[in-house]
2 protein chains.
Amino acid sequence: MENLDKYFDLFDQSRTSEKAFEELNALFSDDMVFVLNGDKKSGIENWKLFIKMVFTENSDIKHMYEGWKKSEGADHYETQWAVCGKHSSGRVFTQTGKDIAKLNEHGKIVYLENVPDSKEMFKSYTTL
Amino acid sequence: MENLDKYFDLFDQSRTSEKAFEELNALFSDDMVFVLNGDKKSGIENWKLFIKMVFTENSDIKHMYEGWKKSEGADHYETQWAVCGKHSSGRVFTQTGKDIAKLNEHGKIVYLENVPDSKEMFKSYTTL
């Protein structure tokens, strides 16, 4: 679960740190799958594009999370999260939701699903 | 407006930095007034107690703000803000709202009013 515990901090640090961005991407397998608000995408290159788009559209973003827990009888982990951010337009926003993740035998993240409480988030990313 | 521009960052840094806490308090006049969700309190000592309570009740908190603007024809400044945080219980949360501030002739903050969009925030502080 070590990689999951690094995820949110590395995400936020990737805004200003190329090193953090590389460390973030190294948490995932190359054939990882990520799901944003129900829309599925595959591959680490698409993931990198997504992150770059997040930081093009937002001048700042901060995640907090409750802690990853293995769902009973399931093969995935879940955590609640809360975000505040500032759009490039200057507008500030918040969002809450949960993430669902699966790891492979090497501890790499192979699946990451973002389930926002509001369906408005990532609207612009799902047309990627 | 220099003191207002330092306010949110120093607030967040005060969680872990005594120096930031002192710098935060120095932004205000000693007889400052602050209003939390409609409840008025006076004096820098009560302000310090409020901040200490925030960081007792929350293990982390992050503010983002749109930028202070002088209200036309008025003597105060306003900005929208967004917050994400983590309660000591481990629960994460968000909040949005606006702050209203007045400065004295030395640029010190003499009045700070927090107007959350949801009336739930600071419920526990207004019984201080």
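Since the structure is predicted, the reported quantities are computational estimates derived from the model, not experimental observations. Sequence lines set the chain letters: A, B, ... in the order given, protein chains first and strands last, and positions in each chain run from 1.
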Hphob cluster co-occupancy, [X] + [Y], side-chain heavy atoms under 4.5 angstrom:
X	Y	answer
B:Val110	B:Leu36	no
B:Val92	A:Leu4	no
A:Tyr111	A:Phe11	no
A:Tyr7	A:Ile100	no
B:Val35	B:Ile44	no

What residues of residues 62-78 of chain B sit under 4.5 Å from chain A when you count only heavy atoms?
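So the qualifying residues are B:Lys62, B:Met64, B:Tyr65, B:Glu66.
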Atom CG of residue position B:Asp30 - does it have more than 12 heavy atoms of other residues, nucleotides or ligands inside 6.0 Å?
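For B:Asp30, atom CG is not crowded (no more than 12 foreign heavy atoms under 6.0 Å).
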A:Cys84 to B:Val83 - nearest heavy-atom pair and separation
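Heavy atoms only, the tightest pair is CB-C, 3.8 Å.
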